[in-house]
*Asks:* 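Please find one structure pasted underneath; my questions will follow.
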Amino acid sequence: MRPGHPLQLALGLIIWSLWLVAVYAGLSLSCLSVWPDARLGVGSWLNELLGSLTLLIAAWLFGCAWRLWRMPPPILAARRFVVRVGAWVYLLAAVATLFVGLPIMALPPCL
């Protein structure tokens with residue numbers, strides 16, 4: 001996608017929201033029905049899988065922010081606005097992903 005495309009303004013938060021739904025759905029469904037008697041600990045495969053997904057999504061969002069920030073500013077002011085605000089939105093989504101993902105690495109999935 002072109003850096004000046006208006007979808008850049010919302011794409012970071014869309015990706016973050018999809019990640020959030022996937023993480024909470026994965027944790028909830030795994031604790032609810034798959035293993036009703038099993039207690040997963042902090043270092044379980046579920047925590048490792050979701051923690052890896054968190055780091056992967058956060059790194060991708062940081063990369064998108066870096067790519068937009070480092071590109072030369074477009075000539076049109078509207079495209080320049082989209083590029084700069086899009087970079088900040090990606091950065092915000094990456095920080096939110098890491099912030100929300102921290103409990104995945106410190107708490108067991110099924111309490």
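Computed over heavy atoms, backbone and side chain alike; hydrogens, waters and symmetry mates excluded. The chain is numbered in sequence order, starting from 1.
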*Asks:* Tell me, do Phe62 and Leu98 make a side-chain contact under 4.5 Å, heavy atoms counted?
*Replies:* yes
*Asks:* Linking I/L/V/M/F/W/Y whenever their side-chain heavy atoms sit closer than 4.5 Å, directly or via other members, would Leu7 and Tyr90 fall into one cluster?
*Replies:* yes
*Asks:* List the atom of Ala93, the atom of Gly12, and the distance in Å for their closest heavy-atom pair.
*Replies:* CB-O, 3.4 Å
*Asks:* Got a sec, which residues hit side-chain contact (heavy atoms from CB on, under 4.5 Å) with Val85, two or more places apart in sequence or on another chain?
*Replies:* Leu9, Phe81, Val89
*Asks:* Rounded to the nearest 0.5 Å, how far does CG of Leu20 lie from CG of Leu13?
*Replies:* 11.5 Å
*Asks:* With a 4.5 Å limit on heavy-atom distance, are the side chains of Leu68 and Gln8 in contact?
*Replies:* yes
*Asks:* For the OG1 atom of Thr54 and the CG atom of Asn47, what is their distance to the nearest 0.5 Å?
*Replies:* 10.0 Å
*Asks:* Take a 6.0 Å sphere around CH2 of Trp69 and say whether it holds more than 12 heavy atoms from other residues, nucleotides or ligands.
*Replies:* yes
*Asks:* To the nearest 0.5 Å, what is the distance between CG on Leu92 and CH2 on Trp16?
*Replies:* 8.5 Å
*Asks:* Under a 4.5 Å side-chain heavy-atom rule over Ile, Leu, Val, Met, Phe, Trp and Tyr, are Ile57 and Ile14 clustered together?
*Replies:* no
*Asks:* Answer whether the closest heavy-atom distance between the side chains of Ile104 and Leu53 falls below 4.5 Å.
*Replies:* no
*Asks:* Hey, quick one: are Leu27 and Leu49 part of the same hydrophobic cluster, counting side-chain heavy atoms closer than 4.5 Å, chains of contacts allowed?
*Replies:* yes
*Asks:* Do Val95 and Trp88 belong together in a cluster built from hydrophobic side chains that touch within less than 4.5 Å?
*Replies:* yes
*Asks:* Do you know the tightest heavy-atom contact between Arg80 and Ile75?
*Replies:* NH2-O, 2.9 Å
*Asks:* What is the minimum heavy-atom distance between Trp19 and Thr97, and which atoms define it?
*Replies:* CH2-O, 3.5 Å
*Asks:* What heavy-atom pair brings Ala65 and Ala87 nearest, and what distance separates the two atoms?
*Replies:* CB-O, 3.5 Å
*Asks:* Is Trp60 close to Ile15 at the side-chain level, that is, under 4.5 Å between some pair of heavy atoms?
*Replies:* yes
*Asks:* Nearest heavy-atom pair of Arg79 and His5: which atoms, and what distance?
*Replies:* NH1-N, 4.4 Å
